[in-house]
Structure formats: C-alpha cells, structure tokens
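Both counts, for ligands and for their atoms, begin at 1 and track the order of listing.
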Amino acid sequence: MERKNVFITGGSRGIGKAIAKKFAQNGYDVIVNYVSENTNLEELEKELKNGQEEIRTLFVKGDVTDVASCTEMVEQITKEFGKLDVVINNAGITKDGLLMRMKEEDFDKVLDINLKGTFHICKQVVPIMMKQKHGKIVNISSVVGIAGNAGQSNYAASKAGIIGFTKSLAKELASRNILANCVAPGFIRTDMTDVLADSVKENILSSIPLKRMGTAEEVANLVYFLASDENSYITGQVIPIDGGMIG
Ligand code: NDP
C-alpha cells in the first residue's frame with residue numbers, strides 16, 4: 001500500500017509534537033515545521049521514529065507568518081514526497097492581556113501567527129490536494145474561540161477566525177474529496193499553559209468537570225481520527241476536547 005504523509009506546523013514540541021508522534025506510530029511519513037533555532041532535530045527524529053526506521057521524516061524550518069517561507073516549505077515537501085495527504089495547522093501563540101491594556105502589536109502578532117499562518121499554509125497546500133483529489137486538513141482552534149475568555153480577546157479572535165475559515169474551506173473543497181475540520185482544545189498541559197500563574201490554573205481547573213488538564217496525547221488522538229482514513233464523512237466541524245469545560 002502507498003505510504004501516507006502528514007505535515008504539521010509547530011510540530012517540534014507540545015501538542016504539535018504529540019500529533020507528529022501519533023501519525024508516526026501509525027505508519028505515516030512525518031513532515032515537521034519548526035521555527036526556533038535551538039530545536040534539537042536529531043533528538044526529535046529519534047523520538048518520532050521510535051525504532052521504526054522505515055518512517056521518513058522531513059524537518060522544514062519556517063515562519064508561518066511569512067508567505068515566502070511557507071512557499072519554500074511546501075516546495076521542499078513536494079520535492080521530497082511528490083504529494084501531501086494530511087496537513088495540521090497547529091502553530092500558535094498567546095499574548096494575553098485585558099483589552100484596555102492590549103497593545104496593537106500583541107493583537108496583530110497573535111492574529112498573524114494563529115489565523116494568517118493557517119491561511120498561508122492552506123493557500124500553499126490546497127492546490128496540491130485539489131490535484132490529487134484527496135486530502136485532510138485539521139486546524140487547531142481552541143474552546144476560547146467558541147466561548148471567549150477574559151484577557152484573551154486577540155487569541156479568541158484568532159481561534160474563532162480559524163473556525164469560520166475552516167468551515168468555508170470545507171464547503172469549497174468537498175467536491176475534490178478534501179475534508180477540513182477544527183479541533184478545539186480546552187486546557188492542555190504544554191509550555192503554553194505552564195507559564196500561567198498557579199491561581200489562574202486553579203481557577204481554570206475548577207471550571208473543568210473532569211477536574212484535570214488534558215494531555216497533548218489526548219488531543220493528538222482526536223486529530224489523528226479526523227485526519228486518518230477512519231474519517232470519511234465529517235467535514236466543516238469543530239470538535240471540542242476540553243474535559244467538559246464549555247459544555
Ligand atoms: P506550545 O507553545 O507548546 O507550542 C507552540 C508551537 O507553535 C511551537 O512548536 C512553535 O514553534 C510554533 N510556532 C510559534 N510561532 C510560530 C511561527 N511563527 N511559525 C511556525 N511555528 C510557530 O503550544 P501548544 O502545543 O500548547 O499549542 C499548540 C496549538 O494548540 C496552538 O495553536 C494553541 O493555540 C493550541 N491550543 C493549545 C491549548 C493549550 O491549553 N495548550 C488549548 C487550546 C488550543 P517552535 O517550537 O519552533 O518555537
């Protein structure tokens with residue numbers, strides 16, 4: 001059988017890395033985008049392959065806010081693999097603050113990476129998927145994009161934007177057998193949430209019926225389901241994974 005491949009933005013740590021590992025465990029070739037200079041690619045490759053030497057990996061350095069960088073990454077992928085089965089738009093940041101104190105640059109930066117980065121990558125990969133007449137796209141939103149959150153108006157706007165964007169793509173691309181969905185995680189233990197003050201964490205935990213943070217692996221399981229051959233009829237949906245947080 002022909003091998004499948006997956007491209008994950010921001011796949012060198014956190015939820016992105018867990019997604020990359022999940023696909024690798026299931027026999028996919030894995031293409032990981034990263035941006036930080038200090039990423040240990042040797043270590044990452046070892047972790048992803050985990051002894052399965054037949055898995056092909058490709059690490060593409062690039063900033064999702066930069067169109068030229070996105071074009072270059074996708075060119076590298078097509079040169080190496082000649083196709084692209086699955087794309088996961090996971091790269092994202094927060095720059096929290098109440099509206100009254102939020103700087104314009106913090107609003108722009110969050111929108112640029114989270115929302116526009118997703119647009120840039122989709123713009124590059126969709127022509128490939130249309131030509132193939134198949135493809136799966138999963139964009140990582142957030143429950144904050146559905147329910148809102150005080151102190152995160154920029155982040156909520158970016159994540160709500162991803163939902164509208166994905167629903168539109170699903171409608172545009174269905175005739176070419178390309179499915180596009182969003183996963184909306186709640187409170188997941190990663191570098192992004194490690195920086196929160198204990199009091200903030202306790203406050204959030206008290207609003208989660210399951211009374212714990214989620215793990216990156218739990219998110220990866222859902223993403224994998226939506227993007228694998230197991231899913232052939234779900235498109236244009238937003239699936240929360242939040243321990244019951246937004247009900
Ligand atoms: P982390 O902070 O652990 O990781 C963020 C990832 O995004 C890193 O791999 C980072 O790359 C990458 N990234 C940041 N900026 C850029 C850029 N300009 N170009 C390319 N890559 C970039 O975050 P999480 O793993 O927690 O989050 C992953 C996704 O899940 C994000 O979209 C986030 O909004 C979303 N999410 C997370 C939740 C949580 O509770 N953790 C809840 C809901 C949604 P590098 O390592 O090279 O710096």
Side-chain angles (χ1 to χ4, degrees), residues 7-22 30-41 43-44 47-48 59-74 87-96 106 108-121 124 138-149 152 154-163 165-166 182-196 200-201 204-205 207-208 210 212-220 222-223 238-243 245-246:
F7 173 37
I8 302 140
T9 66
S12 57
R13 59 194 169 96
I15 293 173
K17 182 160 95 173
I19 294 170
K21 283 167 83 172
K22 179 76 186 177
V30 181
I31 303 133
V32 168
N33 150 255
Y34 66 100
V35 72
S36 297
E37 292 291 347
N38 58 0
T39 308
N40 185 339
L41 297 181
E43 191 57 38
L44 185 60
E47 244 188 285
L48 292 181
F59 300 99
V60 288
K61 187 167 189 294
D63 183 338
V64 295
T65 65
D66 181 41
V67 182
S69 181
C70 294
T71 312
E72 219 171 277
M73 287 193 282
V74 175
V87 171
I88 314 294
N89 282 294
N90 164 80
I93 62 158
T94 50
K95 281 200 180 289
D96 298 349
D106 288 346
D108 288 346
K109 187 84 188 155
V110 168
L111 267 288
D112 253 11
I113 294 180
N114 299 5
L115 179 57
K116 216 158 167 214
T118 301
F119 163 73
H120 288 151
I121 294 291
Q124 295 298 321
V138 176
N139 295 329
I140 308 299
S141 177
S142 164
V143 289
V144 169
I146 301 170
N149 192 24
Q152 288 198 305
N154 52 356
Y155 185 73
S158 73
K159 294 298 184 179
I162 287 176
I163 293 173
F165 175 75
T166 310
C182 278
V183 164
F187 190 35
I188 311 299
R189 191 177 307 115
T190 66
D191 294 345
M192 187 178 270
T193 47
D194 277 352
V195 296
L196 297 172
V200 175
K201 285 187 194 164
I204 300 174
L205 278 175
S207 71
I208 302 174
L210 283 180
R212 65 171 177 87
M213 292 170 83
T215 65
E217 290 70 29
E218 286 170 317
V219 177
L222 174 60
V223 171
V238 189
I239 321 277
I241 170 159
D242 65 350
M245 200 173 170
I246 60 167

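Side chain of Asn33 to main chain of Gly10: a donor-acceptor pair is present (N/O by atom type, distance under 3.5 Å, no hydrogens or angles). A side-chain donor-acceptor contact under 3.5 Å links Thr190 to the backbone of Met192.
Evaluation of the side-chain hydrogen bond (donor to acceptor under 3.5 Å, both in side chains) rule for Ser158 yields Asn114 as partners, not counting sequence neighbours. Evaluation of the side-chain hydrogen bond (donor to acceptor under 3.5 Å, both in side chains) rule for Lys116 yields no partner, not counting sequence neighbours. Applying the side-chain hydrogen bond (donor to acceptor under 3.5 Å, both in side chains) rule to Thr215 yields the partners Glu218; only residues at least two apart in sequence or on another chain are considered.
Around ligand 1 you find Gly10, Ser12, Arg13, Gly14, Ile15, Asn33, Tyr34, Val35, Ser36, Gly62, Asp63, Val64, Asn90, Ala91, Gly92, Ile93, Ile113, Ile140, Ser141, Ser142, Tyr155, Lys159, Pro185, Gly186, Phe187, Ile188, Thr190, Asp191, Met192, Thr193, each with a heavy-atom distance below 4.0 Å.
Heavy atoms from other residues, nucleotides or ligands lying under 6.0 Å from NZ of Lys201 number more than 12.
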